[in-house]
Amino acid sequence: MSENLEPSFVKQLQQNQNIIHKICRLYTSGEDAHKDLFQEITIQLWKAFPKFRGESKFSTWAYRVALNTAITLYRKSKRDIATVEYEGRQHFTHDIEYNYEEEEQLKLMYKAVYQLNDIEKALVFMYLEDKDYTEISETLGISEVNARVKMNRIKGKLKKILNPLGV
């Protein structure tokens, strides 16, 4: 792997690391698991970076890699995420503290979203990140119409989870 790719990768990763943190938050339920998944996603992004052709935005590509990694690991281990040492490399970025207390008001929403299936979680996440349906459909590999229909169904599902009595 060419060493001159590293500065470009590091810059892109630093600009988009919050995306990865949010995906980690969706698919893990603890700080250690969050850090492990963040590390694994970073490794997968680095391994795939030489193949990134720039046909889409880096953030769209990173969403796809991160979501696929999270879903694959989640399905394999159901919360026991294994990590892999990566050739003893130094960390690519300086770890920013991820403050869980800041998200306390989102606790109920995350709890509700956690009850959704993997594709529904990914769709909600991207929707909450203000991604348009074109980018959502491209990232998830579904049609734009399908993304809209799924999102409407998910909204109804979340309303029932968050307000089971319909009050």
If you define the side chain from C-beta out and look only at heavy atoms, does anything of V113 sit under 4.5 Å from I161?
no
Distance only, no hydrogens: is a donor on one side chain within 3.5 Å (strictly under) of an acceptor on the other, for E135 and T60?
yes
Taking atom NZ of K131 and atom CG of L140, what is their separation to the nearest 0.5 Å?
12.5 Å
Separation of H21 NE2 from Q17 CD (nearest 0.5 Å)
4.5 Å
List the steps, then state whether side chain to side chain donor-acceptor pair (under 3.5 Å) holds for T69 with Q44.
CA-CA 7 Å; T69 302; Q44 295 307 317; 5.1 Å; no
According to a 4.5 Å side-chain heavy-atom criterion applied to Ile, Leu, Val, Met, Phe, Trp and Tyr, with indirect links allowed, do L37 and I119 form part of one hydrophobic cluster?
no
Report yes if the side chains of I23 and F38 come closer than 4.5 Å at any heavy-atom pair, otherwise no.
no
So among E129, K155, M151, which one has a side-chain contact (heavy atoms from CB on, under 4.5 Å) with V124?
M151
For the residue pair Y127 and Y133, categorise the inter-ring angle as parallel (less than 30°), tilted (30 to 60°) or perpendicular (more than 60°).
tilted
What I'd like to find out is whether the side chain of I41 reaches to under 4.5 Å of the side chain of C24, using heavy atoms alone.
yes
When you compare the side chain of Y27 with that of D118, does any pair of heavy atoms fall below 4.5 Å?
yes
How many angstroms lie between atom CG of N18 and atom CD of Q14, to the nearest 0.5 angstrom?
11.5 Å
Side-chain heavy atoms of W46 within contact of L13, under 4.5 Å
no
Just say parallel, tilted or perpendicular for the rings of F52 and W61, cut-offs at 30° and 60°.
tilted
Atom OG1 of T42 and atom NZ of K47: how far apart are they, to the nearest 0.5 Å?
12.5 Å
Closest non-hydrogen contact found for T28 with Y114 is O-CE1, 4.4 Å
Heavy-atom pair of closest approach, residues I136 and M126
CG1-CB, 3.8 Å
For the pair N16 (side chain) and Q12 (backbone), establish whether a donor and an acceptor sit closer than 3.5 Å, ignoring hydrogens and angles.
yes
Less than 4.0 Å between a side-chain N and a carboxylate O, is that true for E120 and K150?
no
Sub-4.5 Å side-chain heavy-atom contact between F49 and F58:
yes
If you draw the axis of the six-membered ring of F125, does the NZ or CZ of K22 fall within 45° of it and under 6.0 Å from the ring centre?
no
Is there a path of hydrophobic side-chain contacts, each under 4.5 Å between heavy atoms, that joins V149 and L158?
no
